[in-house]
Amino acid sequence: MSAIYYTEEHEWLSVEGDIGTCGITEFAQEQLGDIVYVELPEAGRTVAQNDEIAVVESVKAASELYAPISGEVTESNDELADDPAKVNADAMGEGWFFKIRLSDPAELESMMDAEAYAALVAGKS
Amino acid sequence: MNNPHSEETLKMTALHGLQVSLGGRMVPFAGYEMAVSFPLGVLGEHKHTRAAAGLFDVSHMGQVRLHGDDRAKALETLLPADIENLTPGAMRYSQLTNDSGGIIDDLIVTNGGDYLFLVVNGANKDGDLAHMRAALPAGIEIEHRTEDALLALQGPGAAAVMTRLAPGSEKLVFMTAASVRIAGVDCHVSRAGYTGEDGFEISLPGTQAEDVARLLLAERSVEAIGLGARDSLRLEAGLCLHGHDIDTATTPIEAGLTWSIQKRRRAEGGFPGADIIQAQLRDGPERKRVGILPEGRAPAREGTEVVDENGAVIGAISSGGFGPTLGGPVAMGYVTAEQAKIDTQLGLMVRGKNLPARVAKMPFVPAGYFRG
């Protein structure tokens, strides 16, 4: 069973065991518009929660992505380099950004569940 | 994202309601609330304009008529284009210059017959008007057409639409204008635009703008286009955006706009900053605006430092982003004159990394202007 957590920065983290898969939410991709470039972290990089970890660029602007949780990056979604539009097409699935081995699972408690995140998004529209 | 307090002070164009009803994502721009994109999205809007036709609301721009004897002569004291030899119906691109040869604003001047018609940038129009009121002689009447709207129909499919709805306008060649009726509405139509494509700009009374816009949008080939695609289209076309690629500290010569200064004015001068501009024409400018193509996929945004092969900073990106038609990043910026040759290898400092790029010819996509 995996659980999905959300951040106020509109990222999602799907956790299975000690591995989390991270991407941006449907709301985020919609706000950004057509995504034309994604810069992803290399495997092996260690980050602390809230560190800058990736960049996502739409036609108009570049936005930083922050690590939703501390850990070591184990894999990046290389397919986004050639086809960044995957993020628009399937933000919560094929448009994932990177996988991270959690070093402090207790940090998950600072994140939102689907219901809390839905309420946050509802408050914005 | 929407600040309810700032919205109250934002102005609306005559097409505001139509843009909202079409699902436009409204943002503040040049003091107006305008659509940055529609449900089609920036990428789709951009490609549609290059493939068929796009309708833009550019009513935020300033529309000004100059009346009075010797109006051409008077306007020539503020800009370096030849206006005295502009024939009725003809248009010219020019720049209001300051005493150091910098660009206060860029504009299009049309000889409207018994008046001159100026279209200036929305963000600068108040300043431009103050500047003209202070500088032009008392005999010149400055009429700010605040009740007029401005539509742009751009793209290879624009002419076919105009042929049906505004017969006669399709005969206009690039950079000429005429009075044309569209569905009974008196319009001033010009063959011009800001996308690099063939296209038209339609100046008309704001009260009738929505009717005409709906008529154009009812055409199968026409989609509503927002400011986002307007910016990526003009960037691929190599066209300057004031406040970014040109400003009060940039001369027309540095900006590569020498072509817009006709021979007589180069020789005679008689406009603000003429001494500096003439010296740059003679000796060449120290820096030049060039097209820049990053080699990878990462866009280089405005403000990105440009470095030479040794890593020394030689300039900066003035506009940069993703070119949807090119399918990759595209930029323009200023570099030293020595590094301005086509194919010169450059580096772009993007988030601390030195990304390879080269100086490239502009426009980045072939222009589609109709020259008859």
Side-chain angles (χ1 to χ4, degrees), chain A residues 7-10 24-42 45 47 50-67 73 76-91 95 97-98 117 120-125, chain B residues 1-4 23-27 29 35-49 225-236 241 244 294-304 317 319-331 348 350-353 355:
Chain A
T7 72
E8 287 183 5
E9 303 288 339
H10 305 286
I24 64 169
T25 65
E26 185 60 28
F27 176 80
Q29 75 79 13
E30 224 178 83
Q31 291 292 307
L32 288 167
D34 301 305
I35 289 162
V36 296
Y37 177 72
V38 177
E39 192 171 285
L40 297 170
E42 283 179 19
R45 192 171 140 197
V47 292
N50 299 326
D51 278 0
E52 282 178 15
I53 190 166
V55 176
V56 54
E57 300 209 21
S58 67
V59 182
K60 276 300 277 180
S63 318
E64 310 283 350
L65 224 77
Y66 302 92
V73 176
S76 278
N77 185 359
D78 292 334
E79 288 186 26
L80 296 187
D82 290 327
D83 192 7
K86 273 202 164 107
V87 181
N88 292 115
D90 190 11
F97 279 37
F98 57 86
Y117 180 69
L120 174 89
V121 169
K124 284 191 186 285
S125 50
Chain B
M1 248 162 43
N2 293 324
N3 179 343
R25 181 172 293 195
M26 309 305 283
V27 299
F29 183 78
V36 68
S37 62
F38 292 93
L40 185 55
V42 177
L43 220 54
E45 291 167 33
H46 179 114
K47 288 179 174 169
H48 184 86
T49 304
I225 312 295
L227 294 170
R230 185 165 186 257
D231 192 50
S232 56
L233 286 159
R234 70 90 198 166
L235 177 58
E236 279 186 342
L241 174 59
H244 302 265
E295 275 168 25
R297 289 190 67 104
R301 306 282 175 179
E302 181 178 359
T304 299
I317 297 294
S319 281
F322 180 82
T325 303
L326 236 60
V330 59
L348 303 174
V350 177
R351 291 182 288 274
K353 278 180 230 154
L355 305 179

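Keep in mind the model is a prediction, meaning the values are calculated, not measured. Chain identifiers are assigned alphabetically (A, B, ...) following the order of the sequence lines, protein sequences preceding nucleic acid strands; residue numbering begins at 1 within each chain.
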*What distance do Asp34(A) atom CG and His46(B) atom NE2 have between them, rounded to the nearest 0.5 Å?*
11.5 Å
*asked:* Check this for me: Glu79(A), atom CD, are more than 12 non-hydrogen atoms of other residues, nucleotides or ligands nearer than 6.0 Å?
replied: no
*Glu8(A), CD atom: more than 12 neighbouring heavy atoms under 6.0 Å*: no
*Below 4.5 Å from any heavy atom of chain B, which atoms of Val38(A) appear? Answer side chain, backbone, both or neither.*
neither
_Which portion of Ala81(A) sits near chain B, non-hydrogen atoms under 4.5 angstrom_ = backbone
*What part of Arg297(B) is in contact with chain A, defined as an atom under 4.5 angstrom from a non-hydrogen atom: side chain, backbone, both or neither?*
both
_Smallest separation among heavy atoms of Phe322(B) and Val36(A), with atom names_ = CD2-CG1, 3.3 Å
*With a 4.5 Å cut-off on heavy-atom pairs, point out which of Pro84(A), Ala61(A), Ala62(A), Ser58(A) contacts chain B the most.*
Ala61(A)
_Can you tell me which of Ser37(B), Ala298(B), Gly327(B) forms the most heavy-atom pairs within a distance under 4.5 Å of chain A?_
Ala298(B)
*In terms of side-chain geometry, is the basic nitrogen of Arg351(B) or Glu39(A) positioned less than 4.0 Å from the acidic oxygen of its partner?*
yes
